[in-house]
Engineer: 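Before I ask anything, here is the structure I am working with.
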2 protein chains.
Amino acid sequence: MFLPEGKKAARQRLIIAELGLHPAVRTSALARRLGVSTETVRRDIEELTRLGLVSRTYGGAAGRQLGLQPEFQDRDSLAVEERDAIARKAVELVKPGDVLMIDSGSTTARFARILAQAVEQITVITNCFAVAHSLVQGSGVRVLFCPGDFSVRERGVYGSETCAFLQRFNADIAFIGASGLTVEGPTDVETQACWIKRTMLDRAERGVLLLDGTKFDRRHLELVCPLDRLSDVVTDRHPEGGLAVRLTRGGVTLHVASSVTQPEHVDPA
Amino acid sequence: MFLPEGKKAARQRLIIAELGLHPAVRTSALARRLGVSTETVRRDIEELTRLGLVSRTYGGAAGRQLGLQPEFQDRDSLAVEERDAIARKAVELVKPGDVLMIDSGSTTARFARILAQAVEQITVITNCFAVAHSLVQGSGVRVLFCPGDFSVRERGVYGSETCAFLQRFNADIAFIGASGLTVEGPTDVETQACWIKRTMLDRAERGVLLLDGTKFDRRHLELVCPLDRLSDVVTDRHPEGGLAVRLTRGGVTLHVASSVTQPEHVDPA
DNA sequence: CATAAAACTTGGAACATCCCACATAAGTAT
DNA sequence: ATACTTATGTGGGATGTTCCAAGTTTTATG
């Protein structure tokens with residue numbers, strides 16, 4: 001099956017939708033509205049909190065303040081800690097003085113947040129508001145924002161204005177995300193977003209793909225670029241089978257982040 | 001005096017700052033941290049809620065989800081209802097099919113939110129994230145976002161990239177805000193922001209200034225432009241003295257919004 | 001169909017918050 | 001200084017939330 005989509009998922013989707021309208025929701029109100037017990041709502045909120053989609057409050061939940069709109073396509077992706085592990089690993093690739101291009105996406109946004117605290121004296125060109133906002137918190141970062149047609153979905157800009165702008169610059173590294181990674185290369189669902197990724201890869205010396213292991217071998221609407229166009233892939237799990245082979249054959253450096261989470265089912269020695 | 005800046009203001013500033021870091025805060029925690037009673041914190045939150053700066057929740061407060069970062073320079077300005085009255089009045093100036101340029105600022109952001117629900121088939125060019133975000137919620141609005149150096153303070157972009165971009169376009173109306181309005185013209189505290197305003201006024205047929213009556217006769221660091229460069233001023237109170245005279249003499253159309261709030265101290269006839 | 005796992009409800013004790021009215025303190029104007 | 005306004009603290013009853021544990025329903029699976 002593709003999406004289980006039980007009642008639970010529907011409930012949690014409503015909670016997030018509600019949080020898009022109001023800055024905070026209350027457990028009791030949600031329980032009445034959904035026709036379930038408050039205890040169930042509480043568990044839902046707890047779950048959404050672990051995924052980093054909402055933030056728990058005393059009587060209910062609040063939306064994460066900035067960062068991305070909840071993207072449902074990412075609902076099945078990893079929890080915050082795992083995403084952060086990837087981000088921390090990716091930060092190691094950046095040197096002071098670098099000029100970076102950063103794509104929009106949930107993983108790249110976490111990356112930006114961690115980057116801001118870790119590195120100094122860098123310039124970042126981005127089309128994503130969440131990325132820009134996270135970065136400027138840090139002191140030694142200059143953020144150049146792209147022009148373009150504004151999209152709420154991704155909280156960023158797209159279109160030919162954006163690409164034309166990017167063409168004017170040369171960067172050391174481009175950090176991009178993707179919805180999937182197959183033996184052919186990274187894939188994504190949005191044509192608009194693909195063009196941004198392609199342009200960033202074109203204008204940077206190194207092209208780094210950030211994505212979590214759940215996205216291996218997922219084929220989406222559009223192929224971003226051939227696999228060997230990437231110089232690095234940062235992820236949290238070793239790929240298997242054909243994908244692993246093609247990566248090494250294509251000269252792509254693989255960086256695997258070790259998640260902080262302890263492996264389960266380990267008996268004390 | 002310029003700014004009273006008592007203990008209360010400091011407390012409320014901290015609450016907002018905290019809300020910039022976490023999506024929600026708790027009354028009890030704030031009370032401990034600030035060394036005041038929970039009742040005081042509750043009253044602070046209530047006040048900030050009326051100003052539209054935070055959103056009250058069961059055990060504390062949450063940040064308003066999107067929209068503006070609290071701008072401290074605007075702390076003394078009007079409550080939401082008054083700002084909305086100005087915005088509603090300003091919307092009347094817009095026709096379907098218009099191309100608008102909209103500046104960053106708290107008043108223009110409220111304007112954008114109301115504009116999105118009221119008008120169809122318009123194109124908006126802006127340098128402000130809050131404005132862009134509010135507008136795209138509406139269906140028939142295309143938002144073109146400017147490039148530039150990103151600033152968290154105003155949640156927007158500034159600098160020569162931004163101005164150069166704006167120069168490429170022709171608009172029907174430019175809507176700008178300001179920190180003050182004197183007989184010489186609108187004034188603002190930020191040089192960067194002034195350049196954006198000037199460029200927008202240059203590229204538009206009509207130049208509309210939105211500002212509330214508390215800002216009359218306030219002189220700030222920089223003069224944006226001469227008074228007669230504006231074609232309209234939308235506000236919530238009739239200006240007095242020299243300012244009123246100069247406005248009519250300069251050919252500036254004045255639009256005064258009637259606030260919903262009842263005038264006080266009026267005896268029933 | 002039987003069984004196991006997961007999801008949900010219920011009930012109650014412990015604890016937090018809310019709100020009100022009133023008392024006290026601080027700051028401001030006359 | 002005195003009166004006035006504004007800001008803050010206190011106490012307690014009503015209300016709401018959390019957390020836990022046990023019981024029930026639903027769903028998945030061999």
Side-chain angles (χ1 to χ4, degrees), chain A residues 1-19 22-51 53-63 72 75-76 78-79 214 264-265, chain B residues 1-19 22-51 53-63 70 72 75-79 214 261 263-265:
Chain A
M1 71 208 86
F2 232 86
L3 286 173
E5 279 304 316
K7 295 170 195 167
K8 188 162 92 172
R11 257 188 348 247
Q12 299 188 353
R13 205 173 25 241
L14 185 141
I15 293 175
I16 289 182
E18 196 66 18
L19 237 25
H22 312 286
V25 291
R26 230 161 127 169
T27 309
S28 53
L30 286 171
R32 261 197 308 281
R33 178 117 180 270
L34 292 162
V36 295
S37 71
T38 63
E39 203 63 11
T40 300
V41 174
R42 209 187 307 292
R43 270 188 295 259
D44 283 337
I45 289 175
E46 205 172 318
E47 205 165 318
L48 292 170
T49 304
R50 275 191 297 102
L51 289 168
L53 295 172
V54 309
S55 169
R56 196 168 188 273
T57 67
Y58 189 75
F72 297 117
R75 277 297 314 285
D76 48 352
L78 297 176
T214 64
E264 295 178 304
H265 310 304
Chain B
M1 71 211 85
F2 234 85
L3 286 172
E5 278 306 313
K7 296 170 196 166
K8 188 163 90 172
R11 256 190 346 249
Q12 298 187 355
R13 204 170 30 235
L14 185 139
I15 293 175
I16 288 179
E18 195 65 18
L19 238 23
H22 311 287
V25 291
R26 223 158 134 175
T27 309
S28 54
L30 286 171
R32 261 196 309 280
R33 177 119 179 269
L34 292 162
V36 296
S37 71
T38 63
E39 205 61 15
T40 301
V41 175
R42 210 187 308 292
R43 275 187 283 251
D44 283 336
I45 289 175
E46 206 173 319
E47 204 166 316
L48 291 170
T49 304
R50 275 192 299 102
L51 290 168
L53 294 173
V54 309
S55 171
R56 195 167 189 274
T57 67
Y58 189 74
F72 300 117
R75 277 298 314 286
D76 49 351
S77 79
L78 297 176
T214 63
T261 320
E264 296 176 305
H265 309 304

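Because only heavy atoms are used, hydrogens play no part in the values below, and waters and symmetry mates are left out as well, while side chains stay in. Naming: A, B, ... by sequence-line order, numbering from 1 per chain.
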Engineer: Please round to the nearest 0.5 Å and tell me the distance separating atom CZ of Arg32(A) and atom OG1 of Thr27(A).
Structural biologist: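 Here the rounded value is 11.0 Å.
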
Engineer: Heavy atoms from C-beta onward define the side chain here; which of dG27(C), dA7(D), dT27(D) lies closest to that of Lys7(B)?
Structural biologist: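 When the side chain of Lys7(B) is considered, dG27(C) is the closest of dG27(C), dA7(D), dT27(D).
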
Engineer: Using salt bridge (Lys or Arg N to Asp or Glu O under 4.0 Å) as the criterion, list what pairs up with Arg42(A), not counting sequence neighbours.
Structural biologist: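 Listed in chain order: Glu39(A).
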
Engineer: Identify, with sequence neighbours excluded, every residue that meets side chain to side chain contact (heavy atoms under 4.5 Å, CB included) alongside Leu14(B).
Structural biologist: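 By the side chain to side chain contact (heavy atoms under 4.5 Å, CB included) rule, Leu14(B) matches Leu30(B), Arg33(B), Leu34(B).
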
Engineer: For the pair made of CZ in Arg26(A) and P in dT15(D), what is the distance, rounded to whole Å?
Structural biologist: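 Atom CZ in Arg26(A) sits about 14 Å away from atom P in dT15(D).
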
Engineer: Round to a whole Å and report the spacing from CD1 of Ile45(A) to C1' of dC8(C).
Structural biologist: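 Spelled out: CD1 on Ile45(A) to C1' on dC8(C) is 16 Å.
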
Engineer: If you check the Lys8(B) side chain, which of dC19(D), dT8(D), dC8(C) turns out closest?
Structural biologist: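 The listed nucleotide nearest to Lys8(B)'s side chain is dT8(D).
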
Engineer: If the condition is side chain to side chain donor-acceptor pair (under 3.5 Å), which residues does Arg11(A) pass it with, not counting sequence neighbours?
Structural biologist: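 Partners of Arg11(A) by the side chain to side chain donor-acceptor pair (under 3.5 Å) criterion, ordered by chain and then number, come out as Asp44(A).
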
Engineer: Would you kindly give the CD-to-P distance between Glu47(B) and dT8(D), to the nearest whole Å?
Structural biologist: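 Going from Glu47(B) (CD) to dT8(D) (P), I get 9 Å.
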
Engineer: Using a cut-off of strictly less than 4.0 Å between a heavy atom of the residue and any atom of DNA chain D, enumerate the qualifying residues of residues 36-44 of chain A by number.
Structural biologist: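 The answer is Glu39(A), Arg42(A).
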
Engineer: Considering just the side-chain nitrogens and oxygens of Arg11(A), establish if one lies under 4.0 Å of OP1 or OP2 belonging to dA7(C).
Structural biologist: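 No, because none of the side-chain N or O atoms of Arg11(A) sits under 4.0 Å from OP1 or OP2 of dA7(C).
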
Engineer: For Ser37(A), check side chain to side chain donor-acceptor pair (under 3.5 Å) against everything at least two apart and list the hits.
Structural biologist: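 Ser37(A): side chain to side chain donor-acceptor pair (under 3.5 Å) contacts with Thr40(A).
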
Engineer: Name all residues meeting the side chain to side chain donor-acceptor pair (under 3.5 Å) criterion together with Arg56(A); count only those two or more places apart in sequence or in a different chain, and write none if there are none.
Structural biologist: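 Once residues adjacent in sequence are excluded, Arg56(A) has no partner under the side chain to side chain donor-acceptor pair (under 3.5 Å) criterion.
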
